[in-house]
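Notes for the one structure printed next.
Numbering starts at 1 and runs along the sequence shown. All figures in this text were calculated on a predicted structure; none of them were measured in a lab.
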Amino acid sequence: MYRGIAGSEGIGIGNVVIIEEHQIIIETKTITDTEDEIKKLQSAIEKFVIATNDMADKMDETVGKKDADILRGHIQMLQDPMIEEQISALIVAEKVTAEMAVNQVLEQTAEMFAQIPDELLQQRATDFRDIKLRMIKLLQGVEDVDISQVPADTVLVARDLTPSMTAGINPENIVGILTEAGGKTSHSAILARAMEIPAVLSVPGICSIVKNGDKVVLDGASGEAMVNPDESIIKQFEERLSVYQKEKELLVEYAGKPSVTKDGTKVELVCNIGKPEEAKKAVESDGEGIGLFRTEFLFMDRDNIPTEEEQFEAYKSVAEEMKGKPVIIRTLDIGGDKAIPYLGLEKEENPFLGFRAIRFCLQREDIYKIQLRALVRASAYGKIKIMVPLVTCVDELRKVKEMVADIMNELEHEGISYNKNLEIGVMMETSAACMIADVLAKEASFFSIGTNDLTGYTMAVDRGNAKVAYLYSTYQPAVLRSIKRIIECGKREGIMVGMCGEAAADPKLIPLLLAFGLDEFSVSATSVLKTRKIISSCDVSECQELAEKVMECTTEEEILNILK
């Protein structure tokens, strides 16, 4: 048995096809005709753009626009004036080949992103290395990998699946994915979940362990995989696959139903999104609103700050798509670990404890006011709520409220409509916010618990550090006590308390969250019906009995034993 990261749930049973990358050899040589080399570079870029657009168009049909846009983003990344200028300048200054210049510049850029302690931004390293490899192949005339021709019942095995490699995937032929790299937020995982293909990622050495044609069974929910198992094991997995498919089919009956427990406690079941177009998927998945719109993605993949009008249109489009359902929009959560070059942020030794999120915004009111004006204007078109990230003291929330009040006065004089009862809440994700939750609850219109950062800050753990990763767990008593306290403080002041972290869709934690009194569960669109099913099977009084036992536990192990 081999273990990795559970990237995309489901049972896969099939035969291995290893996606082998051609070995790229770049000769070290000096050139004399730099002009000709730059023409060669421009020709390869043109071919890259045409091929990438073709692949993205295919993905539009097979996976959807959101994932196709990952590929289209590669075009923007390669055509970034700074990147192109660096490659051309290197060819001229060092008299190196286009291949050498592309390799050096894009690898340096990839390495820069790989060092950022943020899993989402670390995926940019994969993007740039994907672009680099494809460009070198184009310059050397090497044919790219074609996954579209693999036979039915294939388990793809690769070091990592890049967006360009997955463009040709036919989900009907691929029953599973196994990789040596990638995490839950990697492109491999995102694309696998979008296509509903079971995936187990980061299995050490799996490309050397298996060979083409080997039989593999894998469980994308547990992160387990077995190579050439005996018939009894295959039969067990076939039975599990049958059960999984039946359970998936049964989820349809929860579409259109309220999110309510067995004993009649109603909660809101909403979705997390990163781009305006994802709101449509939330509606299609029967989400009851948007619990988290991560606005920082509007600021990425560009070289200037989005204008007030651009932001207004983005927020308005989500509000209109949701037709009066709640839409919680988090203001710019950027800085430190999430580097955006044009913002001119300095590199910090400890970015998670540095100049980021609301700290950045309140010192750069020129940027923040643009966003807040766009949000207040968009509030006239739906049930928009503003959420402030990384709050550690009440002054930060009060300052945002003052800015919004000033903006409302401006709009009043300008004759522009807005929601006069616009709610402003706090993303509860720091130990400080937890400790002053009673104070914040008197000032905020709502709380939304961000369990990913709350866990990291509470446990003083860098989740990217493998040596202390065992401590990064929402099941730790300190984290559960923090969640319980935040909910209790919010309920005491009569404000809505939601959760937009990964824990909101965790089957083992949902009964506890119901017992604590959580009002809103914000999950990925694909998790809506599964989460609703779990909620509907719970009885709050029974959940409270469970919670009493759990809160008496002193270790994570004891808690997990009870929850399992």
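- A donor-acceptor distance shorter than 3.5 angstrom exists from the side chain of Glu288 to the backbone of Leu269, with no hydrogens or angles considered.
- Note on ring orientation: taking the six-membered ring where Trp is involved, the planes of Phe128 and Phe113 are parallel (angle under 30°, cut-offs 30° and 60°).
- Here Phe360 contributes atom CZ and Leu390 contributes atom CG; the two are 13.5 Å apart, rounded to the nearest 0.5 Å.
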List the steps, then state whether side-chain contact (heavy atoms from CB on, under 4.5 Å) holds for Met77 with Ile83. CA-CA 8 Å; Met77 292 160 84; Ile83 296 291; over 6 Å; no

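- Looking only at distances, a side-chain donor or acceptor of Thr430 sits under 3.5 Å from a matching main-chain atom of Val391.
- A heavy-atom distance below 4.5 Å is not found between the side chains of Val376 and Phe312.
- Using a 4.5 Å heavy-atom threshold, the side chains of Met427 and Cys500 count as touching.
- The CG atom of Leu332 lies 10.0 Å from the CG atom of Leu372; values are rounded to the nearest 0.5 Å.
- Between Ala98 and Leu41, the shortest heavy-atom distance links the atoms CB-CB, 4.3 Å.
- Without hydrogens or angle criteria, Glu37 side chain to Thr97 main chain gives no donor-acceptor distance under 3.5 Å.
- A distance of 11.0 Å separates CD in Glu310 from CD in Glu308, rounded to the nearest 0.5 Å.
- Glu85 is linked by a salt bridge (charged side-chain N to carboxylate O under 4.0 Å, His left out) to nothing, counting only residues two or more places apart in sequence or in another chain.
- When all heavy atoms of Pro198 and Leu218 are compared, the pair lying nearest together is CB-CD1, 3.6 Å.
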Walk me through whether Arg72 and Asp57 qualify under side-chain contact (heavy atoms from CB on, under 4.5 Å). CA-CA 9 Å; Arg72 293 191 178 99; Asp57 289 343; 3.2 Å; yes

Please step through side-chain contact (heavy atoms from CB on, under 4.5 Å) for the pair Val528 and Val523, ending with a clear verdict. CA-CA 7 Å; Val528 169; Val523 302; 4.1 Å; yes

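- No donor-acceptor distance shorter than 3.5 angstrom exists from the side chain of Tyr418 to the backbone of Leu375, with no hydrogens or angles considered.
- Formation of a donor-acceptor pair under 3.5 Å by the Glu321 side chain with backbone atoms of Lys280 is not found in this model.
- Using a 4.5 Å heavy-atom threshold, the side chains of Pro276 and Phe293 count as touching.
- Judged by distance alone, the side chain of Asp219 and the main-chain N or O of Glu224 form no donor-acceptor pair under 3.5 Å.
- Between Val400 and Tyr368 the shortest side-chain heavy-atom distance falls below 4.5 Å.
- Contact between Leu78 and Glu84 at its shortest, heavy atoms only, is O-CG, 3.5 Å.
- One distance of note links NZ of Lys533 with CG of Leu251; it measures 6.0 Å at 0.5 Å rounding.
- In this structure a side-chain-to-backbone donor-acceptor pair under 3.5 Å is missing from Arg532 to Ala255.
- A donor-acceptor pair under 3.5 Å is absent between the side-chain atoms of Thr52 and the main chain of Val49, judged by distance alone.
- A distance of 12.5 Å separates OG in Ser285 from NZ in Lys530, rounded to the nearest 0.5 Å.
- Atom CZ of Arg159 is surrounded by 12 or fewer heavy atoms from other residues, nucleotides or ligands within 6.0 Å.
- The line from CD1 of Ile177 to CG of Leu201 is 8.0 Å long, rounded to the nearest 0.5 Å.
- When all heavy atoms of Thr331 and Thr295 are compared, the pair lying nearest together is C-OG1, 3.6 Å.
- In this structure the side chain of Gln311 never reaches within 4.5 angstrom of the side chain of Arg373, judged on heavy atoms.
- Counting all heavy atoms, side chain and backbone alike, Ala6 lies closest to Ala221 at CB-O, 3.4 Å.
- Between the side chains of Asn272 and Ser522, at least one donor N or O lies within less than 3.5 Å of an accepting N or O.
- Within the 4.5 Å cutoff, no side-chain heavy atoms of Lys383 are placed close to those of Lys325.
- Among pairs with a residue in residues 98-108, those fulfilling salt bridge (charged side-chain N to carboxylate O under 4.0 Å, His left out) read Lys40-Glu99, Glu107-Arg129, Glu107-Lys132, at least two apart in sequence or across chains.
- Counting only heavy atoms from C-beta outward, the side chains of Arg377 and Ile407 never approach each other to under 4.5 Å.
- Thr109 places a side-chain N or O within donor-acceptor distance of the main-chain N or O of Val105, the cut-off being under 3.5 Å.
- Looking only at side-chain heavy atoms (C-beta outward), Thr179 and Ile206 stay at 4.5 Å or farther from each other.
- Within 6.0 Å of NZ in Lys316 there are more than 12 heavy atoms belonging to other residues, nucleotides or ligands.
- Checked by atom type and distance alone, the side chain of Ser379 pairs as donor or acceptor with a backbone atom of Asn419 at under 3.5 Å.
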Show your working on side-chain contact (heavy atoms from CB on, under 4.5 Å) between Glu278 and Phe297 and close with a plain yes or no. CA-CA 12 Å; Glu278 292 176 25; Phe297 291 102; over 6 Å; no

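- The closest side-chain donor-acceptor pair between Arg330 and Ser448, if any, does not fall under 3.5 angstrom.
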